[in-house]
Engineer: 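Below is a structure I'd like to ask you about.
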Number of protein chains: 2
Amino acid sequence: MDYEGYAQTLKALANAKRLEIVDLLSCGTLCACDILAHFSFTQPTLSHHMKVLQDAGIVRAEKRGRWQYYTLVAAFTTEFPQFAQRLLQRDENCICHEKTQAGSDCEEVG
Amino acid sequence: MDYEGYAQTLKALANAKRLEIVDLLSCGTLCACDILAHFSFTQPTLSHHMKVLQDAGIVRAEKRGRWQYYTLVAAFTTEFPQFAQRLLQRDENCICHEKTQAGSDCEEVG
DNA sequence: ATAAAATATAGATGCCTATCTATGTAAAGT
DNA sequence: ACTTTACATAGATAGGCATCTATATTTTAT
């Protein structure tokens, strides 16, 4: 599992404002002005958050005239819930299957 | 949706090392020494990471003798994948259903 | 009692991040 | 041409975080 890559994605999501933005976008495309109307922070702050979400591959942007439209990336919406399951399932890149720890006093207990 | 609460959980997961720790624990209970053996950082750093995971309700600790055993919290393993799905589904706390934006030039497009 | 092993705590450091104000840019209306 | 609107960029600041070294605590073995 690409821990570093998933950590980057999670870092982009690990913010209440961005989480709410993603939740808003889960219903469909929105422009920056509509998203901004839902929050109390300034426009440059929204611009920053949208850049973070884009860089993480969570959102894509499309400019039409003066408006910047944002849409959730389909690959993300399908792959993220799958990742959540894979992470917590047994039998996936697990210490006890991968290799046995030499010099350890511990045993698998759970 | 409790954005602040979920953001806290995601923040705890948004780190490659902690993600790998959770992946290791997905196979069962492990003591700190076994987890530490998988990484190159120091013991106080592991202690810090485990505290972050505990405070987030992702992991619980149980001391037996000298050893501190860590186990994934069952509620987390079941609820986190559900959260991932709820977040990205349509029709859940969505701007276009919740209220209509007055003074907005934007329309639902996606 | 003393030593060793496993873990936690304290304090420091360097980096990252969320937010702001100020300003630039691009598109559309008058 | 000028103004307005929508958005981005630059630079600053305050706070948070990952990591380290040093040290304390707790448990077990000798």
Engineer: Would you name the heavy atoms of A:Ala56 and A:Ala12 that are closest together and state the gap between them?
Structural biologist: CB-CB, 3.5 Å
Engineer: Give the rounded distance in Å between these two atoms: CG of A:Leu10 and C1' of C:dC16.
Structural biologist: 17 Å
Engineer: A:Arg66 CZ to C:dG29 P: how many Å, rounded?
Structural biologist: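 Rounded to whole Å, this separation is 6 Å.
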Engineer: side-chain hydrogen bond (donor to acceptor under 3.5 Å, both in side chains) with B:Thr42: which residues, sequence neighbours excluded?
Structural biologist: B:Thr45
Engineer: Would you give a per-nucleotide map of nucleotides 17-23 of chain D, 5' to 3', where B means the base has a protein non-hydrogen atom under 4.0 Å away, S means only the sugar-phosphate does, and - means neither?
Structural biologist: SSBBBB-
Engineer: With heavy atoms under 4.0 Å as the rule, sort B:Phe39 into base, sugar-phosphate or nothing.
Structural biologist: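 No contact.
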Engineer: My understanding is that only residues two or more places apart in sequence, or in another chain, count here; which of them pass side-chain hydrogen bond (donor to acceptor under 3.5 Å, both in side chains) with B:His49?
Structural biologist: B:Arg18
Engineer: Would you mind telling me which residue lines up with the more 5' stretch of DNA chain C, A:Gly65 or B:Ser47, judged by nearest nucleotide?
Structural biologist: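 Checking each residue's closest nucleotide, the 5'-ward one belongs to B:Ser47.
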Engineer: In whole angstroms, how far is the P atom of C:dA4 from the CH2 atom of B:Trp67?
Structural biologist: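 Going from CH2 in B:Trp67 over to P in C:dA4 covers 17 Å.
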Engineer: In whole angstrom, what separates A:Asp34's CG from D:dC7's P?
Structural biologist: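 One finds 9 Å between P of D:dC7 and CG of A:Asp34, rounded.
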Engineer: Whole angstroms only, please: what is the CD-C1' distance between A:Gln68 and C:dA28?
Structural biologist: 16 Å
Engineer: Find the distance A:Arg64:CZ to C:dA26:C1' and express it as a whole number of Å.
Structural biologist: 18 Å
Engineer: Return each pair, listed once, that meets salt bridge (Lys or Arg N to Asp or Glu O under 4.0 Å) where at least one residue sits in residues 69-85 of chain B; pairs must be two or more places apart or across chains.
Structural biologist: none
Engineer: In whole angstroms, how far is the C1' atom of D:dA8 from the NZ atom of A:Lys51?
Structural biologist: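 Rounded to whole Å, this separation is 10 Å.
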Engineer: Holding to ring pair (Phe, Tyr, Trp, His ring centres under 6.0 Å), I want the full list of residues that pass it with B:Phe39, two or more places apart in sequence or in another chain.
Structural biologist: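 For B:Phe39 the ring pair (Phe, Tyr, Trp, His ring centres under 6.0 Å) partners, ignoring immediate neighbours, are B:Phe41.
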Engineer: Among residues two or more places apart or on two chains, list those pairs meeting ring-ring contact (aromatic ring centres under 6.0 Å, His included) that have a residue in residues 5-27 of chain B.
Structural biologist: B:Tyr6-B:Phe83
Engineer: Can you measure A:Leu46 atom CG to C:dT19 atom C1' for me and round it to whole angstrom units?
Structural biologist: 13 Å
